[in-house]
Amino acid sequence: MMLARSLRLLGKQQKTWTILSKPAYSDDKSAYTDFGFQTVKKEEKAGKVNEVFSSVAPNYDLMNDLMSAGIHRLWKDKLLKTLNPNSRTVLLDSAGGTGDIATRFIQYVGEESSPQVTVCDLNPNMLAEGRKRAEKQNLNMNWELCSADDLPFEDESFNAYTISFGIRNCTDKDKVLKEAFRILQPGGRFLCLEFSHIKHPMLKSIYKQYNFNVLPVMGECVAQDWNSYQYLAESIEKFPTQEQFADMIREAGFSAVTYENLSFGVCAIHSGFKL
């Protein structure tokens, strides 16, 4: 019965995509931004994203495993290997959710080295889940409730910055990048792991069908939450291409900007240095 209901919802949802994609603005386009395929006022997006992550927080790790068949763990391991931190690394993991990257950071550096990591996120429910996990594993990390585009840290406070599957949800991506640049010390590294775009036409088509026809159904069946996973599919589709996002990172002031595609471009690791 659950699957049948989900399939009925799928038919209804597909009919609304065209409506959702119509612009909501009238005069000042700069006052609006995307929320999936919807166009909303900038001041409304953070609240809508908060609603999404408050809804998914209890099943966040389970759904990540199901949606990616566990491959997201390999992507995050690759991010840490790319960063290659040591005992002198002071990391800010922005939009850090349940602390996945921070946990890997501590394990990579070694607890005996007293690794320094701060996790920040806009959603208190996600941070609460992260704290629970850290306490269970006796891991020591700092937690900060804040937005990635308005960080409460002094200039040049960190020498490494990561953001994993988070910048896609931010209202002002350019401001997030500028904030990352501001809080990094000279020589500091910026790394972003984010869903991206497959170039191969056949694989791209299969991936798009999976995102729009499977993810929402999976969300409904497992977490009784269609809308959050519909938003996930739409937000992936709306995110800039690898080259476009690399240009945005350069515009924020970063040098030696590169990216590496993972899983044919399902996601990518973007890198830049503050020189």
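Residues take their numbers from the sequence shown, with the count starting at 1. These numbers were taken from a predicted model, which means no experiment stands behind them.
Judged purely by distance below 3.5 Å, without hydrogens or angles, the side chains of K204 and H200 never pair a donor atom with an acceptor atom. For Y259 and E243, the side-chain atoms include at least one donor-acceptor pair closer than 3.5 Å. In this structure, a donor-acceptor pair under 3.5 Å is absent between the side chains of T118 and E144.
Under the 4.0 Å criterion applied to side-chain N and carboxylate O atoms, D100 and R133 are assigned as salt-bridge partners. Here K173 does not pair with D149 in a salt bridge; the nearest charged N to carboxylate O distance is not below 4.0 Å. Salt-bridge check for R182 with E179: passed, with a basic side-chain N closer than 4.0 Å to an acidic carboxylate O. Between K78 and E260 a salt bridge is recorded (basic side-chain N to carboxylate O distance below 4.0 Å).
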task = Verify side chain to side chain contact (heavy atoms under 4.5 Å, CB included) between C146 and L151, making sure each step is shown before the conclusion.
result = CA-CA 6 Å; C146 65; L151 299 172; 4.1 Å; yes

task = Please lay out, stage by stage, how D77 and Y108 fare under the test side chain to side chain donor-acceptor pair (under 3.5 Å).
result = CA-CA 9 Å; D77 288 343; Y108 192 100; over 6 Å; no

request  = Start with the C-alpha distance between Y161 and D93, add both sets of side-chain angles, then the distance that settles side chain to side chain donor-acceptor pair (under 3.5 Å), and finish with yes or no.
outcome  = CA-CA 6 Å; Y161 176 107; D93 183 35; over 6 Å; no

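For residues 265-275, the set of pairs meeting the side chain to side chain donor-acceptor pair (under 3.5 Å) definition, not counting sequence neighbours, comprises R189-S271.
Nearest heavy atom pair, residue W75 against residue I269, reads O-CD1, 4.5 Å. The heavy-atom pair separating A252 from K178 by the smallest distance is CB-N, 4.1 Å. For N159 against L184, the heavy-atom pair with the smallest separation is C-CD2, 3.6 Å.
Applying the 4.5 Å side-chain rule to ILVMFWY residues, one finds F273 in the same cluster as L275.
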